[in-house]
Each structure stands twice: as structure tokens, then as C-alpha cells.
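Lettering follows sequence order; numbering is per chain, from 1.
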Number of protein chains: 2
Amino acid sequence: MGNSKNRAETLAKPGDAAPITAEAVRRRAPKLQSGPLDYGLLKSTTGFPLKVVWIIGYTLLVKHLGDAAITPQRFSMLELIGVNPGASQSQLGTALGLSRPATTLTIDFWQERGCVDRRTEPNDRRSFGIYLTEEGERQLEDLRKRMLTSDKALTANLTDDEIAQLRGLLAKIHQ
Amino acid sequence: MGNSKNRAETLAKPGDAAPITAEAVRRRAPKLQSGPLDYGLLKSTTGFPLKVVWIIGYTLLVKHLGDAAITPQRFSMLELIGVNPGASQSQLGTALGLSRPATTLTIDFWQERGCVDRRTEPNDRRSFGIYLTEEGERQLEDLRKRMLTSDKALTANLTDDEIAQLRGLLAKIHQ
DNA sequence: ACAGATTGTTATCGTCAATAACTGATATTG
DNA sequence: CAATATCAGTTATTGACGATAACAATCTGT
């Protein structure tokens with residue numbers, strides 16, 4: 001999606017103190033569904049509203065994560081490292097659908113911030129085991145809270161039952 | 001999402017004659033949900049599976065549209081033009097969340113393919129009314145079929161009731 | 001009539017992602 | 001055991017894309 005730094009800046013204005021709700025994002029997000037024009041067949045598909053909602057969720061998450069440099073993808077990597085200490089870069093990258101160069105850069109990012117250690121594993125000295133540092137644990141704990149808040153904001157219009165329904169249907173699509 | 005031409009080439013191999021199912025795409029798509037690693041908190045969110053399913057749908061659509069140059073976004077524009085003949089570029093771009101430069105290029109694309117006409121409107125000579133040509137009508141008719149097939153493949157695991165439920169829940173999120 | 005806003009186009013720039021080439025380490029095979 | 005192939009990770013390069021800003025033409029309002 002292009003220039004993430006600039007996009008994030010327009011989404012998360014520094015002086016934006018108001019609570020971040022799905023409604024607030026919707027107002028500012030590109031008008032994908034409302035407006036004077038007829039959306040024709042797009043209205044009667046599943047894919048189009050799926051995209052719209054995904055954009056809303058992505059935008060919300062970027063705002064809630066707070067730091068424009070911490071993209072959803074980078075956050076996902078930190079979470080994955082936290083839950084799977086010692087996993088190799090290949091495993092982590094594959095799990096997130098990243099190319100190997102992209103994986104390297106993502107882990108570089110967290111290492112430069114002191115959140116992650118690369119440890120050479122004695123049994124296979126080609127690969128690293130990736131581990132959170134204490135700073136990484138702290139960061140992750142904070143970011144997790146932000147992520148959960150964001151996810152709640154996304155589904156604010158839904159009851160708990162409906163959220164469960166939605167997740168069930170999504171899970172059924174990708175088995 | 002980066003280099004769309006190259007990505008599309010890897011997704012839609014020329015000699016790929018097998019029917020395009022959600023399952024087939026899942027097998028080839030980046031492993032976002034399966035694998036040896038634990039996804040931790042990501043599993044219990046709505047946003048993450050939403051992204052996974054959106055990627056599956058996007059990938060399916062790219063394959064079904066057949067021509068790597070015809071991206072979902074470009075298709076959406078053609079559909080919007082077909083349903084709203086005479087709309088201005090601003091209106092079309094706004095409806096799809098495109099910047100004005102991006103709108104210009106998208107309409108350039110269809111005009112170069114002879115699918116679209118820019119007609120200067122007498123009441124406001126700054127803007128164009130955008131209209132489908134006969135070739136555009138033919139293209140759109142074909143692409144619509146492909147899109148509907150793709151959307152059906154995406155929800156192949158769901159009953160009609162479940163599809164309606166899913167759309168209802170998505171609609172409820174973005175009101 | 002003139003300042004300001006709006007429509008569309010073009011140019012420029014930074015960023016990102018994919019590819020390929022490279023290093024170092026391990027596995028395989030004769 | 002030597003030669004080759006494969007694998008993990010890094011780096012360099014390239015191309016495409018999106019955002020921004022500057023621009024020309026037209027319209028609006030006072």
C-alpha cells in the first residue's frame with residue numbers, strides 16, 4: 001500500500017486526542033461505500049465489503065499502535081516471536097507470508113529497537129533463533145493491549161455473539 | 001501491494017488449466033494461518049482472519065479476471081463507470097477512495113483499451129463525463145461473470161444463509 | 001472583474017517489494 | 001572424502017506504486 005510513513009501520518013495526527021472509534025475512522029477513511037454513486041454488482045458480492053471492512057480495521061490498528069513505524073505487519077512479527085521463542089527467520093517469515101529479504105528487514109527493525117535477539121543455534125549454524133529481549137517483552141505487552149483495543153473498536157457495533165459468528169464464518173472460508 | 005504485474009504472473013500461470021477454487025489458491029497462497037507456529041493473540045482477533053480471508057478473495061479475483069493488467073481496482077472502476085454513466089472523474093475516484101492522479105491513470109488505462117470515453121460536458125467544461133464504449137460494455141459483461149464466479153469460489157464452503165449472514169455482519173461494521 | 005475554489009494533468013519523490021546474486025553452512029552422493 | 005546441491009540469511013538492484021505538489025483551465029461568489 002505504498003508510502004506507509006506518509007499514510008500513517010495522515011491517519012494518526014499527533015494532536016488527535018479524541019478516542020479512536022470505528023466511526024471516527026470511517027468518517028475520515030476513503031469513501032468506499034457511501035456517496036452519490038451506485039456500486040452496482042460490487043454491492044452484491046462478499047469480496048468488496050470484505051475489503052472495505054479490512055481497510056477500516058487496518059486503519060484503526062495503525063492509529064491504535066500509535067507509532068507510525070510500527071505497522072500491523074511488524075507488530076504481527078513481534079507477537080509471533082513472543083509466542084514462538086527460538087523460531088528461525090524462515091519459520092517466522094513463512095508464517096506471515098513474507099519473502100526472506102522482507103523477513104530480514106522486519107527482524108532488523110526490531111533488533112535495532114533492542115526488542116529482539118538473534119542467537120546462533122549450535123545445532124544448525126546457518127540459522128538464528130529469534131528471541132524477545134526484556135525490552136521486547138515490555139513493548140509487546142503494550143502493543144498487545146493496543147491491538148485488542150483496536151479490535152474491539154472495529155467490532156463495536158456487534159454483540160459478542162455476532163463477533164463469534166463472524167469469526168466462525170471467516171474461519172470456515174479458509175478452513 | 002507492490003509489483004502487481006509480477007505477482008499476478010506468479011498467481012495466474014498461463015498453463016494453469018485446473019479449475020480455480022478457494023482451496024487451490026489456499027494451497028499456493030502465503031501461509032498466513034497454518035504451519036508449525038503458534039499465532040498467539042492474532043488467533044483471537046477479528047482483524048487477522050479478516051485480512052487472511054481478504055487476501056484469499058483478492059488472489060482468487062486476480063486469477064479469475066485472467067488478464068494480469070486488469071486489477072481488482074481497475075475492474076471496480078469499470079463497473080462503477082458502467083453503472084453510473086456520465087459520472088465525473090472526481091466522483092468515480094472518490095467512490096473508490098482514489099487520489100485524483102490515481103483516478104486519471106485508471107481511466108487512462110481503460111481509455112487506451114478503447115473501453116471508455118471522456119466527453120466534455122457543456123455545463124462544466126472543467127470536468128469530463130465518463131462513458132463506456134461498446135467495447136467497454138462487452139469487456140464489462142465478461143469481467144462481471146468472472147467476478148461473480150470468483151466471489152462464489154471464495155464462499156464455496158458457506159451455505160447461502162451463511163453468506164447472507166456474513167454480508168450482514170460486515171455491513172453492520174461499516175454501517 | 002478578481003480572488004478563491006475546483007477539475008483534471010503532469011512531474012517528482014520516497015518507499016516498498018520482488019528478484020537475483022552472494023556468503024556461509026549443511027546435506028547428499030558417488 | 002571430495003564434489004555438488006541445497007538451505008539460511010544478507011545485500012544490491014530494479015521497477016512499480018502512491019503521495020505530494022505544481023500547473024492549466026474553468027467555475028463561483030462577491
Side-chain angles (χ1 to χ4, degrees), chain A residues 1-13 28-30 36 55 58-59 62 68-74 77 81 86-112 116-130, chain B residues 1-11 29-30 36 55 58-59 62 68-69 71-74 77 81 86-112 116-130:
Chain A
M1 298 182 68
N3 187 329
S4 73
K5 185 172 299 179
N6 288 340
R7 184 181 64 252
E9 278 166 7
T10 64
L11 295 174
K13 299 177 191 163
R28 267 176 232 168
I55 290 182
Y58 187 92
T59 309
V62 167
I70 300 180
T71 61
Q73 204 176 68
R74 284 173 174 161
M77 178 60 85
I81 293 171
S88 72
Q89 294 193 189
S90 302
Q91 291 179 303
L92 295 167
T94 300
L96 290 176
L98 299 179
S99 66
R100 257 172 295 146
T103 306
T104 294
L105 295 175
T106 306
I107 294 179
D108 283 351
F109 172 83
W110 287 117
Q111 193 174 33
E112 283 159 15
V116 144
D117 252 359
R118 283 176 161 106
R119 301 191 199 154
T120 60
E121 301 288 357
N123 36 336
D124 187 340
R125 279 162 36 237
R126 289 174 300 185
S127 64
F128 299 116
I130 313 293
Chain B
M1 298 186 65
N3 185 328
S4 72
K5 185 173 296 179
N6 288 341
R7 185 180 61 252
E9 278 167 8
T10 66
L11 294 175
I55 289 181
Y58 187 92
T59 308
V62 167
T71 61
Q73 203 175 68
R74 284 173 174 161
M77 178 60 84
I81 293 170
S88 71
Q89 295 193 186
S90 301
Q91 292 178 302
L92 295 167
T94 301
L96 289 177
L98 300 179
S99 66
R100 258 172 293 146
T103 305
T104 295
L105 295 176
T106 305
I107 294 178
D108 283 351
F109 171 84
W110 287 118
Q111 193 174 33
E112 284 159 15
V116 144
D117 253 359
R118 284 175 160 106
R119 301 191 199 153
T120 59
E121 301 287 358
N123 35 335
D124 187 341
R125 278 157 44 234
R126 289 174 300 183
S127 64
F128 300 114
I130 313 293

Quick one: label [X] by what it contacts on the DNA or RNA (base, sugar-phosphate, nothing), any heavy atom closer than 4.0 Å.
X: A:Asp124; value: sugar-phosphate
X: A:Thr104; value: base
X: A:Thr103; value: nothing

[X] [atom1] to [N] [atom2]: how many Å, rounded?
X: B:Leu105; N: C:dT12; atom1: CG; atom2: C1'; answer: 14 Å
X: B:Met77; N: C:dG8; atom1: CE; atom2: P; answer: 11 Å
X: B:Arg119; N: C:dG8; atom1: CZ; atom2: P; answer: 16 Å
X: B:Asp108; N: C:dT9; atom1: CG; atom2: P; answer: 6 Å
X: A:Phe128; N: C:dT26; atom1: CZ; atom2: P; answer: 12 Å
X: A:Gln89; N: D:dC7; atom1: CD; atom2: C1'; answer: 13 Å
X: B:Leu98; N: C:dG8; atom1: CG; atom2: C1'; answer: 14 Å
X: B:Arg100; N: D:dA24; atom1: CZ; atom2: C1'; answer: 13 Å

B:Gln73 CD to B:Phe109 CZ distance, which is reported to the nearest 0.5 Å: 11.5 Å
What distance separates B:Phe128 CZ from B:Glu121 CD, expressed to the nearest 0.5 Å? 10.0 Å
Just N and O in the side chain of [X]: are any of them under 4.0 Å from OP1 or OP2 of [N]?
X: B:Ser90; N: C:dT6; value: no
X: B:Arg74; N: D:dC17; value: no
X: B:Gln73; N: D:dC17; value: no
X: B:Gln91; N: C:dT7; value: no

Take A:Leu98 and A:Gln89 through the test side chain to side chain contact (heavy atoms under 4.5 Å, CB included) and record every step on the way to the result. CA-CA 10 Å; A:Leu98 299 179; A:Gln89 294 193 189; over 6 Å; no
Please pick, from D:dT10, C:dA5, C:dG8, the nucleotide with the shortest atom-to-atom distance to any side-chain atom of B:Arg126. C:dA5
Can you identify which nucleotide, out of D:dT10, C:dG8, D:dA21, has its nearest atom closest to the B:Pro101 side chain? D:dA21
If you define the side chain from C-beta out and look only at heavy atoms, does anything of A:Met77 sit under 4.5 Å from A:Thr103? yes
Side chains of A:Arg74 and A:Leu105 in contact at under 4.5 Å (non-hydrogen atoms): no
Polar pair under 3.5 Å, donor/acceptor by atom type, side chain B:Arg125, base D:dT26: no
Comparing A:Asn123 with A:Ser99, nearest DNA chain C nucleotide closer to 5' gives the residue A:Ser99
